[in-house]
**Q** 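Shown below is the structure under consideration.
Small disclaimer: the values here were computed from a predicted structure and weren't measured. All values below come from the heavy atoms of this structure, side chains included, with hydrogens, waters and symmetry mates left out.
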Amino acid sequence: LAAVTGTGVGGCITRADVEHAAVRRAPTPPPREPATPRLLVSPRAQRLARERGIDISTIPGSGPGGAITGADVEKASAPGVKATSPQPVDAAPRSQAQVAKRGPIVQLMERSNREVPHYYLGTDIDMSGALAWLAAENAKRPVTERILYAALLLKATAMAVHDVPEVNGYWIDGAFQPSGAVNLGAAISIRSGGLVAPAIADAGNKPLDQLMHELTDLVQRARAGRLRASEMTTGTITVTNLGEQGVSYVFGVIYPPQVALVGFGRITERPWAANGMIGARPIITATLAGDHRASDGHRGGRFLAAISRLLQKPEHL
């Protein structure tokens, strides 16, 4: 108040004097950064860019207000045509190490899409019994020895192979070569980039404790770059589980020369009818990508049905 000049009777400081002083002493706000212009993109353009692996921010728009249309994406993805918009200055280029790590899986997936006639099936599985059993089982164990439901999915897949052996083996030299053992590949993403699918040998005959231990060990060694060559080459069928990433279902690409890949999404509560009653149940969607040269939809359907049946009796896994 000592710094405020009063304008009232006898130099009295009034409310207006204080408000005036406050306005005069208020700091000048910093200049606002110019707003980043909103990128206008049509739904069709978004879909095409996603399917063709194009960074949509690099495509000049020809629509109203500079909007990017489907025609713009098609033009940009045509052979010999490059997007004209420059990359942002601060966009970090992918390191050579990241590119090198993705190289083998890229080549394998290109070969699979080119050579393997895929067919796809999916089914919803009620996991209420499996999760209830797992919760009761884990309550008896110390934290370090508890089992994740991923181990149930792996074991059920490995055991279901015995009902439909046509999904377990290799397509080599124009013929299917079945495998007696179920060496279950587990798709693992590497934090620095890339994907690997090391195998758990003879997974169908291992107890859940051992399966859980080997899965944890594989994930740790895969991300530390310490996998053995034999683990990368002996898989006979692969499982990919993207439930932790919030994916509802996944239709994967087969790892040749294997002939099948099983995918699991996240467990979600959905309406489910059982015994004439409808209620909310924890449901997971299991999918199968099959090689039509080695099996067909009928056999693939039996395989998914076997996985579902086994998960209804987790105490037998």
**Q** Please identify which of these residues, L211, L208, L310, meets the side-chain contact (heavy atoms from CB on, under 4.5 Å) condition with L152.
**A**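 When side-chain contact (heavy atoms from CB on, under 4.5 Å) is applied between L152 and each of L211, L208, L310, only L208 qualifies.
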**Q** Checking the side chain of N275 only, and the main-chain atoms of M277 only, is there a donor and an acceptor separated by less than 3.5 Å?
**A**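 Looks like no, no N/O pair under 3.5 Å.
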**Q** Above 12 or not: heavy atoms from other molecules or residues under 6.0 Å from OH of Y249?
**A**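 No, not enclosed.
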**Q** Is it true that a side-chain atom of E231 and a backbone atom of R228 form a donor plus acceptor pair closer than 3.5 Å?
**A**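 Yes, E231 side chain to R228 backbone: donor-acceptor pair under 3.5 Å.
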**Q** Mind listing the closest non-hydrogen atom pair of S112 and H118 along with its distance?
**A**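 Answer, listing the atom of S112 first, then H118: OG-CE1, 3.2 Å.
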**Q** Charged N to carboxylate O under 4.0 angstrom, K206 versus D202?
**A**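 Salt bridge: no.
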**Q** Pair L153, I284 - check side-chain contact (heavy atoms from CB on, under 4.5 Å), show working.
**A** CA-CA 10 Å; L153 303 179; I284 194 169; 3.9 Å; yes
**Q** Short question: side chain of N183, backbone of T234 - any donor-acceptor pair under 3.5 Å?
**A**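 Present.
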**Q** Does some side-chain heavy atom of Q312 sit less than 4.5 Å from a side-chain heavy atom of I125?
**A**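 Yes; the side chains approach each other to less than 4.5 Å.
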**Q** With a 6.0 Å cut-off (strictly less than), is the heavy-atom count around NE2 of H213, excluding the residue itself, greater than 12?
**A**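 At most 12 heavy atoms, drawn from other residues, nucleotides or ligands, come within 6.0 Å of this atom.
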**Q** Given V262, which partner from the list T240, V167, I237 fulfils the side-chain contact (heavy atoms from CB on, under 4.5 Å) test?
**A**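 When T240, V167, I237 are each tested with V262, the side-chain contact (heavy atoms from CB on, under 4.5 Å) holds only for I237.
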**Q** Look at atom CD of E315 and say whether more than 12 heavy atoms of other residues, nucleotides or ligands are closer to it than 6.0 Å.
**A**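 Yes, enclosed.
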**Q** If you compare all heavy atoms of K155 against all heavy atoms of A203, which two are closest, and at what distance to 0.1 Å?
**A**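 Scanning both residues completely, I find the closest heavy atoms to be CD-O, 3.8 Å.
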**Q** Classify the ring geometry between F251 and Y120 as parallel (under 30°), tilted (30 to 60°) or perpendicular (over 60°).
**A**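 Answer is perpendicular, since the angle exceeds 60°.
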**Q** Is there side-chain contact between V259 and I254, with heavy atoms separated by less than 4.5 Å?
**A**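 Contact flag for V259/I254 side chains = no.
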**Q** Does R114 pair with E110 as a salt bridge, N-O distance under 4.0 Å?
**A**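 No, this pair does not count.
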**Q** Can N168 and T236 be counted as having a side-chain donor-acceptor contact under 3.5 angstrom?
**A**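 There is such a pair (donor and acceptor under 3.5 Å, judged by atom type) between the side chains of N168 and T236.
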**Q** Has the side chain of R226 got a donor or acceptor atom that lies under 3.5 Å from a matching backbone atom of R221?
**A**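 The answer is no, because no donor-acceptor pair under 3.5 Å joins these two groups.
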**Q** Using a 3.5 Å distance criterion without hydrogens, assess whether the side chain of R146 forms a donor-acceptor pair with backbone atoms of A135.
**A**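 Not confirmed, R146 side chain does not pair with A135 backbone.
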**Q** Would you indicate whether the side-chain heavy atoms of T69 and D72 approach each other to under 4.5 Å?
**A**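 Yes, their side chains come closer than 4.5 Å.
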**Q** Just by modelled atom types, is the T238 backbone N or O under 3.5 Å from a matching donor or acceptor in the Q258 side chain?
**A**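 Yes, Q258 side chain to T238 backbone: donor-acceptor pair under 3.5 Å.
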**Q** Considering non-hydrogen atoms only, spot the tightest contact between L311 and A130 and give its length.
**A**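 In this case the closest contact between L311 and A130 is O-CB, 3.6 Å.
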**Q** Kindly check if the number of other-residue, nucleotide or ligand heavy atoms within 6.0 Å of CD1 (I172) is above 12?
**A**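 For I172, atom CD1 is crowded (more than 12 foreign heavy atoms under 6.0 Å).
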**Q** With a 4.5 Å limit on heavy-atom distance, are the side chains of L121 and F303 in contact?
**A**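 No; the side chains remain at least 4.5 Å from each other.
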**Q** Can a donor-acceptor pair be found, under 3.5 Å and without considering hydrogens, that links the side chain of S248 to the backbone of G265?
**A**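 No; judged by distance alone, with no hydrogens or angles, the pair does not exist.
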